[in-house]
Each structure stands twice: as structure tokens, then as C-alpha cells.
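What follows is a short report on a single structure.
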Amino acid sequence: MTMIKRIGLAGAASLVAGSAFAHTGVGAVHGFTAGFSHPLFGLDHLTAMVAVGLWAGLVGGKARFAYPAAFVATMVAAGLWGMSGGTLPGVEIGIGVSVVALGLAIAFNIAPPVAIGTAVCALFAIFHGYAHGAELPENAGALSYAAGFVLATAALHGLGLVLATQIAGRAPRLARFAGGAMAVAGIAFLAG
């Protein structure tokens, strides 16, 4: 199967995603492995993390570094806030909206000034980071759990950057389709 067919299949699979599956509390949840798997097995988080990298790669230039770096740094701060017992209303809505907005930015080839795109990524990272931190089980080992979800997030951003590199020149319409599929998945997350 070619890379383009795989990406198309992954985009189509995201259309049947259910709501917010990345959340902890099922089975033993502790340490680095649990933190690393948290964004990998939650379709809402997974889609958003890949979308940040894909959008950054498609915009190019300084955005390739700035968007993922802003997302990770803000996610860590919001995760600490969530771990400390802070409150943030509308977290699930914010996560769903982030997937819709990032998908639309990709689908419509939106390339804002780097500062604006960076701010958008940082804003959405607040919701994702807070969710990671607030849902951390008491026995999870906060430092190793956080290291796991930070590394997984960075890896997913990297995957998005690689996908952008692979499809931007060869199949730009596929990138737009992937963005559209991400937006539809975000709507599904919001519909719950």
C-alpha cells in the first residue's frame, strides 16, 4: 500500500472516531508508559497532535518549529495547572474545537503569520495539557507520566511534519482532504 493510500485510509478512519478516548482511569495507570500512551490511544488527542505538526509543516519556515514548540510548552504549563487542582471549564469542548479548527486550517491552506499560528497552537494546548494533568491518577508518578505524554506529543507533532513533507509536493489535495477529515472528526468529538 502506498503512503498516499495509507494517509487517505487514516483520514477516513478518523471520520468514525468516537469522543474523547484519551482519558485515564481504566486499568493500571502509572508512570512513563501510561503517560506516553495517553495521547496515542485517544483519537481526539492523537488527531490534534498530528494536525499541529501537519499544519506547521504545510505552512513551513519558522512555523515548523514554532507551532510544535509552543504547543508542547503550553501543554506542560497547563498540565501542571491541571495536576495542581486548577479548574478549566469546557475542556472537552476546547479539545473538540481544536481538532475542528486545526483541520480547517489544513483543509483551507491557511498560512497566518507565524506569531498568530503559534498563538493558536498555544491556545489549543491549554485544553489538551489541562486534560492530561487533571486526569492524572494519584498513583501515576507525575514526573514520569508527564515525561511520557510530552514525548508522545512531540513524536506526534514530528509525524505530522513528516507527513507534510511527504504529501505537500506530491499530493497537496491529499493534505487538504486529511485536514477536512480531521475537522469532521472534531465535529464527531463535539457531538459525543
Side-chain angles (χ1 to χ4, degrees), residues 1-15 17 22 35-79 95 97-129 131-132 146-186 189:
M1 188 180 296
T2 68
M3 170 81 78
I4 292 173
K5 287 181 184 177
R6 287 181 190 155
I7 293 168
L9 182 59
S14 73
L15 294 174
F36 189 85
S37 66
H38 185 90
L40 297 178
F41 293 107
L43 292 176
D44 52 352
H45 293 297
L46 176 77
T47 305
M49 303 311 143
V50 172
V52 168
L54 182 57
W55 188 35
L58 293 171
V59 170
K62 292 180 181 178
R64 293 178 58 82
F65 175 77
Y67 292 9
F71 193 100
V72 170
T74 306
M75 183 189 70
V76 168
I95 289 171
V97 167
S98 74
V99 176
V100 173
L102 291 165
L104 290 174
I106 294 163
F108 290 106
N109 197 23
I110 296 172
V114 174
I116 292 173
T118 300
V120 167
C121 290
L123 173 68
F124 292 146
I126 293 169
F127 297 104
H128 291 273
H132 288 310
F149 79 68
V150 167
L151 184 60
T153 296
L156 291 169
H157 291 333
L159 174 62
L161 286 165
V162 168
L163 290 174
T165 302
Q166 293 296 314
I167 63 177
R170 291 186 225 162
R173 287 187 182 158
L174 182 57
R176 307 300 163 241
F177 172 78
M182 289 172 172
V184 170
F189 299 145

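The two residues Ala78 and Ile126 have their closest heavy-atom pair at CB-O, 3.3 Å. Considering all non-hydrogen atoms of both residues, Val114 and Ala66 come closest at CG1-CB, 3.9 Å. Across all non-hydrogen atoms, the minimal contact from Leu156 to Pro39 is CD1-O, 4.0 Å. Considering every non-hydrogen atom in both Ala111 and Val59, the closest pair reads CA-CG2, 4.0 Å. Residues Ala56 and Pro68 share a closest heavy-atom pair of CB-CD, 3.9 Å. Across all non-hydrogen atoms, the minimal contact from Tyr67 to Pro113 is OH-O, 4.4 Å.
For residues 154-173, every residue pair satisfying the ring-ring contact (aromatic ring centres under 6.0 Å, His included) rule, not counting sequence neighbours, is listed here: Phe71-His157.
Leu174 is not listed as a side-chain neighbour of Gln166, based on a closest heavy-atom distance of 4.5 Å or more. Counting only heavy atoms from C-beta outward, the side chains of Phe189 and Thr47 approach each other to under 4.5 Å.
Using cut-offs of 30° and 60° on the angle between ring planes, the pair His132 and His38 is perpendicular.
Once rounded to the nearest 0.5 Å, the distance linking CG of Leu163 with CG of Leu58 reads 9.5 Å. Atoms NZ and OG1, on Lys62 and Thr118 in that order, are 10.5 Å from each other to the nearest 0.5 Å. Here Thr165 contributes atom OG1 and Arg170 contributes atom CZ; the two are 9.5 Å apart, rounded to the nearest 0.5 Å. With rounding to the nearest 0.5 Å, the separation of CE in Met75 from CE in Met49 is 6.5 Å. Taken to the nearest 0.5 Å, the CG atom of Leu40 stands 8.5 Å off from the OG1 atom of Thr153.
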task = Would you sort out whether Trp55 and Val120 count as a side-chain contact (heavy atoms from CB on, under 4.5 Å), showing the intermediate values?
result = CA-CA 11 Å; Trp55 188 35; Val120 167; 4.2 Å; yes
Return a table of donor-acceptor pairs under 3.5 angstrom between the side chains of residues 97-110 and protein atoms on other chains or two or more places apart.
| residue | atom | partner | partner atom | Å |
| --- | --- | --- | --- | --- |
| Ser98 | OG | Ile95 | O | 2.6 |
| Ser98 | OG | His128 | NE2 | 2.8 |
| Asn109 | OD1 | Arg176 | NH2 | 3.1 |

